[in-house]
Structure formats: structure tokens, C-alpha cells
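In what follows, chains carry the letters A, B, and so on, assigned in the order in which the sequence lines appear, proteins first and then strands, with residues in each chain numbered from 1. What you see is a predicted model, and the numbers here were worked out from it, not measured in a lab.
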Amino acid sequence: MGPQSRWAASGFGWHNGQFPQKSALASPVLLERGAPFVKVRLGIVAKGLGLDTQTSIALAALAPFVAAVLAPAIHHLLGRLSGYVLALVPLGIFYVLLGFVDTIAAGNSVSVAIGWVPAYGLDLSFHLDGLSLVFALTISGIGALIVLYSGAYLAGHRHQGRFFAFILAFMGAMLGLVLADSLLALFLFWELTSVTSFLLIGFDHARQAARRAAIQALVITNIGGMALLAGAVLVHQLTGSWEMSAVRAMGQGLQEHALYGVVLALFVVAAFTKSAQVPLHFWLPNAMEAPTPVSAFLHSATMVQAGVYLLARMTPVLGGTTVWTMLLVGFGAVTLLWGALAAIKQTDLKQMLAQTTLASLGLLVLLIGLGSTYAIAAMMIYFVAHALYKAALFMVVGAIDHETGTRDITALGGLADKMPVSFIGAALAALSMVGLPLTVGYFAKEEMYLGVMGGDWQLIATLVVLVAGNALLAGVALLVMIRPFLGETVPTPKSAHEAPVAMLAGPILLGGLGVVAGVMPDGVGVLVAEPGGAAILGETVKTHLTLVLDIASPLLWLSALTWALGILVYRQADTMRTLLRRVDHKLGWNADKVFDAAMFGLIRFAGAVTRVLHHGRLELYLVAVFAAMGLALFVPMLTLNGLAWMSLPEELGQWSNKVGLGSLRIYEWGVVVLAVAGLVAVLLSRTRLVAILSLGVQGAALALIFLLFGAPDLAFTQLMVEVLAVVILTFVMTRLRLDDRDPRPFEDLARDGMLALFCGLGVALLLMQVLSGTLDTRLSDLFTATSVPIAHGHNIVNVILVDYRGFDTLGEISVVMGAGLAILALLRRRKKVDAAGKAAP
Amino acid sequence: MSPEQFIDVTSLIALVLLGLALLLSMVRIVIGPTLADRVLALDLLTVVAMGFIGAVAVRTGISLYLDIAIAVALLGFLATVALARYILSRGARAEEAFRDGGA
Amino acid sequence: MNTALLVLILALLWAGTTGSFSGLNLLFGGLLGLAAAFLLRDSLSSRRGLRRMGRIIRLLGLFLYELMASAVRVALVVIRPDLKAVVRPAIVAVPLSVTSDAEITLLANLITLTPGTLSIDVSPDRKHLYVHALTMDDREALIADIVNGFEKQVKAVFE
Amino acid sequence: MNTVIFRTLAPVIVATMLVFSVYVCLRGHNEPGGGFIGGLIGAASIGVLGMAWGAEAAKRALKIDPMVLAGCGVVLAGASGLLSVFIGAPFMTSIWLYLDLGETVLPISTPLFFDLGVYLVVFGTLSAIALALEGDDGEETP
Amino acid sequence: MDYILAALVGLFITAGVYLLLSRSVIRMLLGMTIFGNGVNLLIFTAGRVMREIPPIVPPGLDTPDGAIANPLPQALILTAIVIGFSMFAFLLVLAFRAYQSLDADNTDAMRLAEPERAPQPPLSY
Amino acid sequence: MAGLELYIGGTVLLLGAAFTLLASVGVIRLPDLYTRMHAASKAGAVGGGLILLAVALVGQDSAVALRAIIGIVFLLLTTPLGAHLLARASYISGYRPDGATRSDKLDLNSGQNSAT
Amino acid sequence: MAASSSDVTLPVAMIETATPLLAWTIVLPVALALMGAASLLLLRRWPRATLPAAVIVVLAILVCEAALLWQVYTGGPVSMTMGKWLPPFGISLTADLFGAGFALAAALVTLVVLIYAETDRDESDRGDNFHAMVLLLLAGVTGAFLTGDLFNLYVWFEVTLIASFGLLVLGGRPVQLDAAVKYGFLNFLATTLFLLSLGLLYGLLGTLNMADIMRVAPQASPAAMTGVAALLLLAFGMKAAAFPLNAWLPASYHVPPVAVSALFASLLTKVGAYALLRTLVAVLPGSRDVLEPVLVLLAILTLVLAPLGAIAETHLRRAIGFLVIGGIGAVLAGIALPNASGVAGAGLYVFHAMLTMAVLYMVAGLIEKRSGSFDTRQMGGFYAASTPLSILFLGAVLATAGVPPFLGFWPKLLLLQAGAEQGVSGSADTWMATALVVALLVNAVLTLIAGTRLWAHIFWRQGNEGASEHDALALLPLDRRGRLGLAMSVALALVVGAAGLWPNPMMAGARDGASDMLNPARYVAATGLAGDEP
Ligand code: NA
Ligand code: NA
């Protein structure tokens, strides 16, 4: 009984898919506004597509993890070649995914569902549409180059095998995340990216900074993950479905639900933590502690883009409302400017790039928040453009660091001579980042300006932010391109020379791709913006990208303004840096420090709480128990009118009858008094031995009570046990010389006394309450009736012990045997320890 | 007075006497003053308890209680021996014995 | 007391205790006796048999009488208002002429249960028995009382 | 406690207690008593023995490690419960055999073995504890 | 009369709790025993008490010829007594060994497993 | 006379109870440990023994009677032994008799007082 | 010559039908464990034979329990009433999916730990009755999981307790004695409180059979019933280590031999949690409803406070002990959310925790062994030195934090769903459900923080606390026995991993088990009490 597989692919003209789960909707009618979606059964898919769909999606989902598991072994076997071999995995996935481009570009989508937890209707389902395909292609494509790059970058590293394993698993998680249709699968891969990135960020684990960055990233993204999980569960609760495609197909009905705000908040928190929106951004620059290939991957196409992806994915369900737009645009704008300014503040190339990633993420979120066709198209294009140039730039920076031993722009210059290929890669990428025509970055900028043209003051403000942000980013791009490579040659820790081919392939290919895309407006439109836009907006999106520069278009002027400002930023970078750092200094704190404060605060708090709760003082633990006992006794009795039986008038006579002193005979009173005397003597005894003897007295009195009330077996056993207890108490006391005083101070005596009375009174009252009813004696009646005829025993108690409830007795004698074993264990080791103690000195 | 009534009366009186004896033994346990006095009183208490059980046996006519009484005698002896040992172990320190006496 | 005797006594005791003198029950009692004898095998070897039933019975009679008398005497003492005046305690070292463990033990127990006297211990050289007397007027008379009373009879039983 | 008088009387006391303990155990099905109390009295007799003669001598007298007896007891009690598998009845169903010996009818039953198991466990365990405590050299660490 | 016994149960519990809170291990043990005795008496009382007639069928009869004391609680208590005694024996020997090893009988001073000055968690990553 | 053994038994029972009570009175009233021991061991043993005898008489069953007698024997065997052990331990441990006691010098082997 | 017992038959008293052999699978696990433990004592002269003998016994138990689980899985709850007496007169053992599943998990963990324990046992440990006590512990735990009688449950609690006493003090170090005093008093008090509530319950209802109690409890006085239920909650809350009654656990779990810690973490609190589930959810649902606010409060406090302890601790095993408590909070949350998902989540969480906590302690033991310390501040360098330990520890920590696809995720998912169901319903429970969901999420985050701190300090950091990053600690090598322990840890971890990746059987089991808990008709029918309404 293997996992059931259910395949569904759209676009093959079978029947219009209805979601079986949808009939069970908890919310009001949801509008159907999805992309055309057709569900096809397994056999049909097999006939129509052959095994291609099945194999390829299974391959894309599984292969990275298989490769990850095998990576250390492969690395062990192949050594330096392993990077090349392992890069074939993402490359293969990339190739396979390319095969879907036609289908998707035609406006169709493909779904796959593997039964996972049929008991709960949970499938591991995947959905390939424009949005996921663009993301998946970017991830696998860049992934291949990253694997290749790291083969050289970490050559000879002791744990390179592990590194491959982590990065491949990370890529697999990312691919799974964008391909997932089930919210639960999405969450699973989401968490998996957190965990694998944790391992990658902390790869240089000997350094505390790396460990800190890793923990920080994990904690922040895990908080988001929890929000995502809660959101997913809530969505499932409201819609009855785990599949996002199904939920999307229901349209925006969720937005009318009273819990929309909660769902929105949960998803936004999830996305913002992952996509590092201010003020949850600080983990991202710190993640630079990871080896450069990781940064290149994390910051370009993966990890941080997961949040962007989630927002885009959920736009049909959650998007379009005012609060959505305000949240996304607001936080996006702040993050954009914050990140761009922070980039200028830095002189470390990696840090600069990291901060620009923040800015770009802000930009992407802002665009999703705007939600117009242009904005969404711009988002798609910008995502691709950013992924290409950011990965390339990181790889170049890694190469510089690798070859020169530094990555501080103030300590670098004139590298273009020694590292010409690197320079070309850097230049291509940086120009795309600046958004010059003939690069894909240009289209992205054009589309986003288009998206905010001609609106109200809010859109104008957004435009200003966009221009400012883009200009700052352009400035940083120029800095990254020009400062290290041009100008005077500066001596570096290592004498610089060109990086190995494996490290150059990435920047050149990606930079080049940016330019290739930049000259193919139709390609970008048809392959990226339109399918992606369609997937996000649920309607056909048409883009009109063109290479023609129209002087009359305000767009061109805005671009020109951006470039001019960018050059200004580049020129004034040092001044701005000084200024910004001064502001920073004045401010004195930042979110990163807040994290430390929070973390250490938590640790201190945890320490304090734990010391308070787990102080190691048994008597206080017991106080807690008895306080709980008193509450357990009294609260139900008082709140549920449990003492009513005492005050009922007609019962009053009976009550006094029951407690009346005459109900006991005089010698019975004698025994009761003896018990009380024994108890009081134990309590008041000033020496332990008197206490022990008095203990024997109360035990004996109890035995006599049993005897007087028809329980000879009990009396017998109680007496024997009580005497034996006194004997072994004495036995042990013989060996101890103890302080005899009650060690408690008076306040404690009073407190303990009150507590004890509280418990004792409660038990007595509850017992009386129980006694006020009648007892159902059918068990004892049957025992009495059958003891002799069936069980052949005249002593009913003993028959119960060995027959009716013999199983109890079997357990009971096991306890006795266990006590023997436990006591022998206590006494046994003494000799061994003593022997050791004597041998030691 | 029929034999049954006689037994009833005498056993009741006996139980009352024995109950008194129990309490008196208890008094000696409490007031001491020495450890050995208390032990002695406990020893007596077991004998009294044995007698009490015997009296209950007579009163209820359930002679099976006799065995319980005998068992009390058996284990009461054990207790006395153990307590004597305790006294022995404590004894060397006279001042402690004095303090243990609660004086 | 030899093993066979112990087994026999225990078998009879067993049968009596359980209230059934059937052959099977006696057999079981005998088995129990054997088990006890096994457990106590170390202490049984050196014993001499008990003889002279008549003397035993005489000793028993004397003992029971003295026991009752002693109980009554103590009882009378404790209810006297002038208790302090009556009680004249003393500890006396009584010279012993019996030698075996069994004899000493029997004697000591008898002394304890009889009027006014209580055995505290035997001296390490087993020459003296330390006796506590509740009321002693004359030390020598007390010693003579013991030596001529129980000690003599005990010796007779064991000779 | 090692006095002539005690040493001499101990065997008698121990033997009486042992016999009494078996008696109490066996008649428990019909009258007050049973395996637990029987075992308790039996173990008390070993305690007396230990105090009179010392733990080593008492151990030698027992010959078998008392915890082994306890183990046997649990096995015996459990096995007497498992026997009912042969009569197609649930665990711990009692089975009674009446051995007709002409003179008397001797009832042999699984509850009897069960009670004997209880006796052995209690006797063995408490004896082991008593002897271990007794044999523990006892003086407290300074 | 069950109400008097119920009150006595309360007294047992009170004494037990008071002693259990006393910090001295031996006293706590006494408290535990008294508490357990109280619980046993509680079960006994909860099964409703009856004077003097034990649940033993007289010889020769198949069923008792009158009302008898409730046998089930007695059986339960017997089991509980045995178990309680086993636990008591263990705890007592434990207290004894703890005193030998830790030189303390006061729980206040027994702080090896949870030291009074436990190290604060390090503020590092 | 029908039920004679019951009348005797009842009387013996009363007697036993009385002795027992007097033993405890003695334990309260007598001046020191050793004198109290006289009361406890003698009156106690006799009182307890008589009560057992009463059970034997009332029980109307030879097995019960025999057990009662065994019980009495056991009591008479162990009571003096217990008294001896207690007195000895007390004396060795330094519990001195009442000041009025005239005393021979005791040579008790206190080397035996180890806990074994 | 032989006469059967039926001279007089009272059809109302006795079961007339023959018992099939397969029905014995419910009683054999307990009987075998008990008799096995006792039999090991007879091997005194062959101390080397105790381990193989114990392993054989546990294997036999596993076979029985697998068969039992199969019966329950396919045919619903299974019951056997001891001694041929009709329930409620005899003691019933009744297994539903939760009981049978937990029992199987317990036996599995016991098997692994028995062998793992060899890691730090040597010749001098022979004859210390370790294996017998482990079997006794297993007997107690199994009995508790399988019994259908409340007083019998008490007995198995005590069997478990006494065995745990012996195991806790094994080795006799002073710190163990100190811990055992706390553990001993608090736990014995807990079982005594259980007994106290049982006495009251008997006085109210006159019966002890759980299925029978279900039927008659609604007729009893609600105030008294609630009082009894509150006492049961107190007793089982102590056993399960729910806040604020959990003090015994951090005081004791770090002191015994590691194998014992693993066993304790796996079994002890879970028995308490199971008893809570059984009594409050299945047997006394009416009282549970009244106590719901209390349960919610306890769950939230336990969920939030426990991981703080794990963050605060520098003693590795003590820190893990707090993680164990945190898990109990999750179970309590399920009990406080009385819908099908909640109960299923609680049940599955127990199952997960039994396996995962054992792995965690076993790994901790290997870490202690190799670093020669128990203080995380004195540890470091494991990441570079040991790939298997790294994978095991990280996996176990993530599983504890409920990160998918580890086993711990699935019960958390169910619990969150339960919270959502309850929360969305719009009833008065909304706020409680919301608070529980938030607490569950906070617990996950805090647990992850605690886990990653341990990871960073023990694994990533090269040297000990305060050392420079270039000072690497030298780790002790694992000897043959140590490698055996590692193999056992890996084996159990593989089970956990496989269960996480293929959760369907367990999820289905949890669903069906929960449905039997909430609607006990099948459970009652299995005992034979159906159709006999009081
Ligand atoms: Na019995
Ligand atoms: Na019992």
C-alpha cells in the first residue's frame, strides 16, 4: 500500500477541475477567479505527457536531497572534481524545468500531488505556474553556478563535502518551497531553508560571529515560520483546503472573513522575517558570515526571496486590500531606503552588497504591495534581474576576497589589470543594477516607474522613494564596479591574480545573461513578466517592453534622473558615509544590538526564572504541591456548591446523628483517642525517637480501628507493618546521629501548619461529602456471593487478593521485590565507592 | 446472667481497662524521661495491644483474632530487641542520652 | 535438644496449631520442622537432650506459681500510695554454678519472671548473674533464694 | 546484642516464628492471614536471627540468597496465573485440583501457589533487606 | 460513625502534611507514613464502615448469614499498605545513605543535584 | 454447668486486663527504669498470658487453645529476654538506676555493644 | 480426581466463553516483563547472561505487543478480564490504540536502551540487577498503558516508581542520593495522592473499572466528582511533570547513568501524561470540561516556562530534562483542547516524545562520554570531530522543537489544528484556544533557541566557554562499547526519522485512537460492559 499518487495537469483539455474539498468551506462563498485549471488523472497524464511530468517534478523535488546525502561521499571520492559533478544536479533540474516553459508560457499550469498523510487528507502537492517556474529556474540555474563556484572557492576545505551537502539540501528546500502547492509542504520547505541556511551561515563555526549570525537568522526566520504555520493552519481551517491553488481559486472570500486581519498578519510576519523587512532585517547582513558562495545564493535567488515569493503567491487571496497595500508599500519603502543608505555606509564589499539586498527586498515587497499589473510585472523582472546581478557581484567579490585577501573598497584599486575577466563580470552585473538600457535591470526600472505613474499623492510619494532608492542602489553599483577595479593599484594582503575558471563562470554567465535579456524585451515579457503576472494576478498580463528610448516619455527622464543621482551618490559616497556613520554613532543602537539585548535578556530571564522555580529546596517544592492540593480540594467544593449537603435542614438531624459522640462505643473512643494522641505526640515530639515511637502508636491505633470495624486482615497487616516500620526506623537511626530539633523557623511552622490544616480539612470535607451519598456495593456483593462457591475461599478479602484482583497482588509483590532491588542498589554501591575512596588517597 | 451476657460485660470492662492501659503506656512514651523508659513503654504497649486484640476476640467470639495477637507478640519482641540495640548504639554519649531524654 | 526431637515437637505443634492431626498434616509439620532444623543446624549440634520429664514439670509448676505470685506482688506494690517507701531497689551480682548456655539462659529468664528480681546480664566470665531487685532487704538472703531455688532445679533438669 | 541468653534462645524463637509464618500463609485463604503476613513474620524471624547471631551467620544459615527466593516467588505467582492458558481461560483464572488421599481430600489450587509466591517474595525481600542492613558496617562516615 | 472517622482522616492528613513540610528527612518520612495511613483510613471509610463483622464466611456456609464489612476496600488497602511499606523502606534506607554521603538530614542543606550557586547561563553564542 | 468455660474465661479475661492495666500503672508510677521493668515484664507477661488463656477458654476449639498456649509460652520466653536485653543495653549505655539503689559493681562487657 | 471450579456457576459472575490464544497478547507483555525481571535474579551465578536474557524477554514482549497493536489497529480495542470474572468484578486489561501504541514504543525504547546501557557498564557493574530493574520498569509502564482498571493503574504506577528508584540510585554517587530524595518524596506523594483520589472515587461510584466508571460517573455529585478529578489532575500532573509540579524532574534526571536517564525521559512522564489523557479525557470527560481553564493554564505555563529552563541550564542532561517538560506542556494542550485533533495531537506527542527524548539522552550520554564533562561550558569541538553525533543531535533537537519533517512536527500540527478549530468556533473557548496556540508557537521558538544554543556551544564551538577560537578541545575516543551505544542511538533515530517522513500510519492511529478516547463506545464494548446501562 504505497503512497497514492494523484496527478493533475492543466492545459490538456479534460474537464474543468473542481476542488473536492471546496464544498466544505467554512467561510462565505468565495469567488472563482483562478487561472484556468484542469485536473487530469494519472493515467491520462501518462498517456498525454508520457512519464515526463512525473519524472521531472519528482526529479526536481528529490534529486537535490539525494545529491546532498551523497555529496560528502562524492567529494571524498572525486576531490576537486566534485564541484563540477555536483553542479550537474541543479543544472539537470534547470534543464528539466526549461521543458515546461512552453506549457507555462501558454498560460497553463501543472499540478502534482503525492498522497502523504491520507488519514488527514494531506498531500505533498506541487504546482508549477508562471511564478513558481520563474523562481525555480532562477534557483536551479544560479544554484548550478554556485555549486561550481564553491568547488573552487572552498577547494581543500576540510568540510567541503558537508558544504556541498548543505547547499544542495538548501537548494532543494528552496525549489520545494516555490514548487509547493500545499501550504503545509510550503511550510515544510520553508523551515528546511531556515535549517539548512543555519548550517550554511554557521559554516565557519569556529568563530562566534558566525555562530551568532546563524542563530540569529534561524531564530528570526523561525519566528516567521511559526507565523506561517499558524497562518497555514488557520487558512486550512477557514477554507477546508491545504492547497494554495485551491485557496486561490476561491478568490478573495477570505478578505471578508472576520479573521482576515489575523491571517494577513501571520503571513506578513512570515514573509517579512524571511525577506528581512525593516525592522526584522538585521539578521540578513550578519548572514554575511557565511562563505561567499552561500551569500551569493542566499541573497540573490533564494532564502530572502522566499518571503517575496510567499507574498506574491498569496496576493490573490490576501492582496488588494488597503491594509495589505499600506503594510507592504510602507515597509517596503522603508526597507528600500534603509538598505540603500546602509549600503553606502559600508566599505566592506560584501556588506555593501548585503545591504543592497535589503533595499531590493524592500523594493520587491513594495511592488507586490502596489499590486498593479505594471508593478507585478516589474516585480517579476526585477526579481530576475536582481538575482542575476546580485549573484554575479557576490561571486566577483568572493573572487576578489579569495585572490587579494581583502574586500574593503578603501584597500582595493586597479584590479582590472590583474583580474580582467572578473572585472567584465562585475561591470556587466553592476550596469544591470544601475539599470542602464541593454540590461534587464532597465526593463525592471521602466516597469516599476510605469506602475506608479500618474496617480495621487501617495503614488507620487512612492515614486519619489523609488527614484531615490534606485539612485542610491545605482551609486552603490558604481562603487562596487569602479573602486576595486579601476584607479590606482593598491597593495593587497595577497598578490592578486585572476580567479580560477570555476569562479569566473558564474559572474560572466550571469552578467552576460543580464545583457542578453536586456536586448530581448519580448523574451523577458513573455517568459518572465507575463506568466508570473498571470500567476499572481490570476488574469492575463500583457507587457510592452521595448528598447526604444522615447524622449517624450517621462519614464526616460525619470531613468535619467535616477542615473544622474546615482553618479552623484557615487561621487559623494565618502561624504555620505561619514555623515551616516556619525548619525549611527549618535543613535548608539541598532536592531542588531537590540537582538543581542533581547537574546541575552532572554537568557538572563531564563536563568532567573529557572533559579526561582527550581531552587533545589524540597520543602518548597512540597509547599507547591500541598498548595495545589488544597486548591484542588476546596475550589471545586466551593464553586460547585459541594458543601450544600451540610446545610440541608432535613439532613441536619442525620448529620448530628452521624457526628454525635454517642455513635462510637467507649472503647472505640479509646482507640480513636489513642490514634489522636499518637499523632499529636509525633507532631509535638522534640526528639526523633519519641516521634518514631509515637508513630508506632498511631499505627497500632489505626490497626485497632481496623480490627474493631471488621477488618482483621487489615489490622493484622497494619500491625505487622507498623512494628516493622518502627524496627527498621530504629535500625537506621542506630547509625545516624541527628540533630533532633525541628529545623523550621516559627513563620514556616505557622505557614506549614495552615497549609496542613487546609489540606486535612479539605480531605475530611470531601470525604464527608462522598459519605453523604450511598455506596453502590455490587462488586462486594458479588464477591460475597461467589467467594465460597466459586473461588473456594472463606476469607473474602484474601480471595479478592489472590483471585478477583490477583493481578493487583502480582503487581504488589513486584513492588516488594523492586524495593528489595532498589535498597540493595543503595547499599551495594557503598562498598564500591568506599573501596574507591580508600584506594584513591 | 447468661454466659454470653457475662462475656459481653467482662469483655467490655476488659476493653475499657486495656484502653486505659494503652493510654497510660502512651503517657510514659511521651513523658519519658529517658529513651529507655519510652522503649519500655512501647514494649508494654505491644503487650497491651495484644491483650486488646485478645479481648476483642473474646468479645466477638471470633477466636481467629488470636493469631493476630500472637503475631503482635512475635513482632513486639522484635521491636524491643531493635530498640534495645538503638539504646546501646546511643549509649556511649551520656550527655546525648540526657538530651534525648528531653530533660 | 536434638534434631529429631525438634522435628517431632514442631510436627506436633503444627498439627495442634492447625487443628488437624491427620497423617498428612503431621507429615507437613515434620517437613516444616526439618526446614527449621536446616536453618538452625549450626545451633543444634551441641545440645544435650532434655531428660527427666518429672523434673521439668516440677520446675514448671514452681515457675507458674512464682510467676503468679510475682505478678500479684508487683501489682500490689504499684497501687500502694506509699510506693516510694516500699521500693528499695538494688543490683546484685549472683554467683553462678550452672555453666551451659541453656542453663544460664533458663535461669536468667526464670529469675526475671519471678518476684522482685530481673536479670540484667551475665558477667563476661559467666561466673555471675547480675540481678536487679525491686525490694531488697537482705543481699545474702536474696542470693541464697536464687541459688537454692531455681538454680538448683535448673541443674536438676539438665544434669 | 550478642549475649549468651539471646544467642541461646534465638533458635527457639526463630523456629516458632517460622512455623507460625507458614501457618499464617497457608490458612490465609479461609481466615485472616495470607502470603504477605506470613512472609513478613518469616522475615522477622530472620531479622531476629541476624540480630542474635550477626548477619554473616544468618546468611550462612539461609544458604540461598534471599533475593533469589524473592525472584522465585514472583515467577511462581506469575506462573500460577499463566497456567490458565491450558484451560482456555483468561490470565489468573484459578484452577482447583482435589487430591483424594483416602484419609483427607487435599485441595491444590493456583491461588495456593500464588499465595506461596507472595510469601516467598516478602520473605526473601525483607530478609535480604534486613541482612543487608545488618551487614552494612553501619558506622556513619565522619 | 463514619463522619468521626472522616474527621480522623483529616487529622491524619494534617499531621502528615505538616511533617512532610518539616525539612528533616526522617520527620518527612514519618509524615509520609502518617499521610499514607490517613489515605488507607480514607479508603476504609469511603467503603462505609460496619462494626465488628469481618468479611469471612463461617465454615460450612456458602455465604455469610448476615451483613458483613465491605471486603473490597480492605483488599485495596492491603495492597496499598504493602506498597506503602515497600516505598517507606526504600525511602528510609535512602535517607540513611543520603545522610552518610551528604552529611545532612535537612533538605535545606541537600543541594548537590541542584546547587545553590548554580552557574548562570553564558551570554555567548 | 453449661458455659462454665465462658464464665471462667470471662473472669480470666478480666484478671488479665487488670494485670495489664496495673503493669501500665506501674510503668507510670515506679521511680526508675529498672523498677518499671519489673512491672512491665511481670505484670505485662502475666496479663497478656491470662488474656490469651481466656481466648483459649472461650474459643471452644482445641486448636485455638493449643495456639493460645503456644502464644503464652512464646510470651513467657520473650518477655524476660526482652527485659534482659533492654536492661543490659540501658545499663551499658549509662542509664543509672535510681539514687536509692544499692548496687554491686557490674562488669558488663561493653565491648559487645557494637551494632552487629 | 480433578474437579473444575464450576461446582456452582453463577452466570452473572463469570465469563463463559473460552479465551483464544491471541487474546493473551494483552497480558503477556506485563507478565513476561515481571517474570522476566524475577528470572534475572535467579541468574545470580551467571551475571553475563542477564543482558541476553533481558533482550530475549523484551523481544518476546515486542512480538506480543506488535500482535496486540495489529489486533487493535484492525479490529478496535481489545480487552481481557483476569480470572474469568466478568468486568467490572475482575481486573480488565483493555488496550486501545493509544495504550497499545505507547506500550509498543516503551518496549522498543527499552530494548534499545538495554543494549545502549553497555556503553558505560563494565565488569564491576555485573550483578547490580540493572537489567532486572529495567524489566520491572517496563512491566510497570506496560501495565499502566494496558490496564482498564484504575486501582490496577495505581499498582503499575508503583511498580514503575520502585523500579525507577532503584535505577536512579544505581551507582550511589552522593548527587544521586540527593536527587533521589527529591524524586522519591515527590513521586511517592503523587502516587499516594492518586490513591487518595481512588478511595474517594470508590466511595462515590463503587467501582474501579474505567469503562464502568465512564458509565456511572455522570450520576455522581458533580462537585465531588470534580474534586476527585482535580485530585487526579494533581497526582498525574505531578507524575507528568506539569508546571508547577515538575520540580522533581530537573532535580533528578541528570544524575543516574545515562541509559537510565534515557529510559526515564522516555517512559516516566509519559505514563503520567497517558494517565491524564485516559482519566480526564476518556473516563471523566464531564469533570475535564469543568477543569478546562485549569488545564489551559497549566499547559500554557508548562509550555512557556520549561524551555526557559533549557535555555538557562549549563548541565547538558538537565537542560534536556526541561525539554522533556516542555513536551508535557504540548500533551496538556491537547488535553485542554478536547476535540479529535487535540486528543490525537496529545497522543501522537506522547508517542513522539517517548522515542525522541530517548534519542536525545542517548546522544547526550555519548557527548558526555567523549567530552568527559556534563557541563556545556566545558564542551566543544563535536562538529568537527563527529559527523554521526552531529546529525543525531541536530536531528533530535529539531524533532523536539517540532521542525518538519521530523516526527515532532506532526503532533504539533494536530494541536495547532485543534486550536484553530476551537478558536474559530467562536465559542467562549476562543481565547483559551488562541492562548494555547500562541503558547505552542512560543514553545517551539524557545525550544529551538535552547537547542541551537546547545548546538552552538557543544558542536560548533571548538573549545570550551571563553577559549579562543583556535583552541580546539581534544575529545576522548569511543571504545567498542561506546560504538555499540552510538549504533543503538542511530538505530532509534532512524525509527524516529522514518516515522517523521512517513507519518501516515501514526497519524491514522492517532486519529482512531483519539476517536476511541472521545467516544468510548468501542472501548466499553471491548470490555463487555456494553448494553448494561446502570
Ligand atoms: Na489474607
Ligand atoms: Na496483599
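- For F/A45, the part lying near chain C is the side chain, with the backbone staying farther off; criterion is any non-hydrogen pair under 4.5 Å.
- Interface check for chain C: of the options F/R29, F/H38, F/M37, the most heavy-atom pairs under 4.5 Å are formed by F/H38.
- Between F/L30 atom CG and C/L134 atom CG the span is 6.5 Å, to the nearest 0.5 Å.
- Annotation for C/V78 and F/G26: closest pair CG1-CA, 3.3 Å, computed over non-hydrogen atoms.
- By a heavy-atom distance cut of under 4.5 Å, F/I70, F/L76, F/L77, F/P80 are the residues of residues 68-80 of chain F near chain C, going up by number.
- When heavy atoms are compared at a cutoff of 4.5 Å, C/T105 does not approach chain F at all.
- With rounding to the nearest 0.5 angstrom, the CG atom of F/L50 is 5.0 Å from the CE atom of C/M68.
- Considering CG of F/L85 and OG of C/S119, their distance stands at 11.5 Å, rounded to 0.5 Å.
- Looking at C/R73, there are no atoms closer than 4.5 Å to chain F (heavy atoms on both sides), in backbone or side chain.
- At a threshold of 4.5 Å between non-hydrogen side-chain atoms, the residues C/I91 and F/Y34 do not count as touching.
- Of the listed residues C/V74, C/V77, C/N109, C/V87, the one with more heavy-atom pairs under 4.5 angstrom with chain F than any other is C/N109.
- Heavy-atom pairs under 4.5 Å with chain F were tallied for C/A90, C/S70, C/A133; the largest tally goes to C/A90.
- Heavy-atom neighbours of chain C within the stretch residues 12-22 of chain F, taken at a separation under 4.5 angstrom, comprise F/F19, F/L22.
- When side chains are defined from C-beta on, C/I120 does not count as touching F/H84, because their heavy atoms never get closer than 4.5 Å.
- Atom CG of C/L118 is separated from atom CZ of F/R36 by 14.0 Å, given to the nearest 0.5 angstrom.
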